[in-house]
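Below is one structure, written out as structure tokens; the observations come after it.
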Amino acid sequence: MLDKEGIAKRIAKEIKDGYYVNLGIGIPTLVANYIPEGMDVVLQSENGLLGMGPFPLEGEEDPDMINAGKQTITTLPGSAIFDSAMSFGMIRAKKVNLTILGAMEVSENGDIANWKIPGKMVKGMGGAMDLVASADNIIVAMQHVNKAGESKLLSKCSLPLTGVHCVKKIVTELGVLDVLPEGGFKLLERAPGVSVEEIKAATAGKLIIEGEIPEMAL
Amino acid sequence: MNKVVSGADEAIHDIQDGMTLMLGGFGLCGLPEKCIAALVKKGVKNLTCISNNAGVDDFGIGLMLKQRQVKKMISSYVGENAEFERQLLSGELEVELIPQGTLATRCMAAGYGMPAIFTPAGIGTEVAIGKEVRNFNGKDYLMEMAFSADFAIVKAWKGDTMGNLVYRSTARNFNPVMAMAGKVTIAEVEELVEPGELDPDHIHTPGIYVHRIFKGENYEKRIEQRTVRKRDHA
């Protein structure tokens, strides 16, 4: 089974040289730590920055320089800053190659819910609805089951949707799954030490298993 | 073309109860904190505020919420404010949550003189309820209307007396698109300079969009999430 860092590490393997990548809040943010050395990747932060650098050194925090999670950050050589309309312009125009975000639920037809629990939590969708509606390449990083032990990979989402037919791939603590265009979660890899049976038990939606499922290499 | 006013109090003097305001900023970054303080002091009420976030409990728009000056918030993310959540769940505050890109682009449309935009954001979700859907090249888009705001209030780094503005770092965010979108636009700046001191090639917001400008003193610029790397003391 993977911890959060493990999930981030596995997702980092999906990033290709030359990609512009938007990382959501939570586990996706950790992916930045595992981008292979020497790979040319530019991180987009939707508050208006391309070329997000590491956190500043203590004492060098700049209140004018934050990421979309409102964390103090730095720029890198070659960074560019722009306004919010342009930021979502480049997202809508599919200039961003890969979007990695968290989810509360994903359905077997690629719907995602991650912004609202009626009567309980109303934080808002932020940029998530724009990202999932426009990006061609969306990977969800999340736990396979929620805190109550219920599967988050469902035949149909129960929470208000963020977007429809958009999630292409899911990486959880148990494994890697593709969401097929015709519907269904196709199991690609098992996390170290996790059996196919465990993944079956934790997946409520349609799970497709073909042949031997390899254990992932990290 | 001198747009200079004495300060925040004069800049907002004619903002009345029931008006619609746009407020720049992302979280607490690039927030027009001097005008917000003046609005709190003036006590103007029943406002509709268009702003990406709602501040925190004791800073930003949170200060106006605490005094019940806001009737309606139009935002994309409101997660960091307990008083906001309380007013929302109790029904005291009306809230319209919209996608962040839709928010920015509805501002942009107003500033570019376009009545509406088409965006895929929100298709198939509750955001789409009651809105016109158009299909272009096989994909559905929502029609979203340009905003109309009585006042846009923005924060820039530098400005000149003609209202030309330059922003700094990610404090730019929503400020340039909101500056273009107000019937009246107020800009507060850290440095106010004479015409000619800003390079025309480097202006982010041309002064034609700005009606009033003043220099704010002693910006607090609060940090919402202070994240740092430890220094290596080896």
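Note on naming: letters A, B, ... go to the chains in the order of the sequence lines (proteins, then strands), and numbering restarts at 1 for each one. These numbers were taken from a predicted model, which means no experiment stands behind them.
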Between A:Glu61 and B:Lys221, is there a salt bridge with N-O shorter than 4.0 Å? no
Is there a donor-acceptor contact under 3.5 Å from the side chain of A:Asp83 to the main chain of B:Arg172? no
Check for a donor-acceptor pair, side chain of A:Asp130 on one end and backbone N or O of B:Gln100 on the other, with a separation under 3.5 Å. yes
Show the nearest heavy-atom pair for residues B:Lys139 and A:Ser134, with the distance to one decimal. NZ-CA, 4.2 Å
When rounded to the nearest 0.5 angstrom, what is the spacing between CG in B:Asn173 and CD1 in A:Ile81? 11.0 Å
Name the region of B:Arg226, side chain, backbone, both or neither, that has any atom closer than 4.5 Å to a heavy atom of chain A. both
Got more than 12 heavy atoms from elsewhere within 6.0 Å of CG, B:Asn135? yes
Quick one: are A:Trp115 and B:Leu97 in side-chain contact, heavy atoms under 4.5 Å? yes
Report which part of B:Asn53 has an atom under 4.5 Å of a heavy atom belonging to chain A: side chain, backbone, both, or neither. side chain
Evaluate side-chain contact (heavy atoms from CB on, under 4.5 Å) for B:Leu28 paired with A:Lys70, printing each intermediate quantity in order. CA-CA 8 Å; B:Leu28 304 181; A:Lys70 284 119 186 171; over 6 Å; no
Checking B:Thr227 side chain against A:Thr72 main chain: does a donor-acceptor pair fall under 3.5 Å? yes
Start with the C-alpha distance between A:Met125 and B:Val127, add both sets of side-chain angles, then the distance that settles side-chain contact (heavy atoms from CB on, under 4.5 Å), and finish with yes or no. CA-CA 10 Å; A:Met125 64 291 279; B:Val127 166; 3.7 Å; yes
A:Val164 and B:Ile123: which non-hydrogen atoms are nearest, and at how many Å? CG2-O, 3.9 Å
Between A:Asn47 and B:Thr170, the two heavy atoms sitting closest are ND2-CB, 3.7 Å
Is B:Val177 close to chain A through its backbone or its side chain, or both, or neither, when contacts mean heavy atoms under 4.5 Å? side chain
Which atoms of B:Leu103 are under 4.5 Å from chain A, going by heavy atoms: the side chain, the backbone, both sets, or neither? neither
Would you check, one step at a time, whether the test side-chain contact (heavy atoms from CB on, under 4.5 Å) holds for A:Ile66 with B:Gln225? CA-CA 9 Å; A:Ile66 63 167; B:Gln225 304 278 348; over 6 Å; no
Does atom OH (A:Tyr20) have a neighbourhood of more than 12 heavy atoms from anything else shown, all under 6.0 Å? no
Heavy-atom nearest pair, B:Cys29 first then A:Pro63, reads SG-O, 3.4 Å
Tell me, do B:Asn52 and A:Ser84 make a side-chain contact under 4.5 Å, heavy atoms counted? no
Do you know which of B:Asn175, B:Thr102, B:Asn81 has the most heavy-atom pairs with chain A at a distance under 4.5 angstrom? B:Thr102
Do A:Arg92 side-chain atoms and B:Thr119 backbone N/O form a donor-acceptor pair below 3.5 Å? no
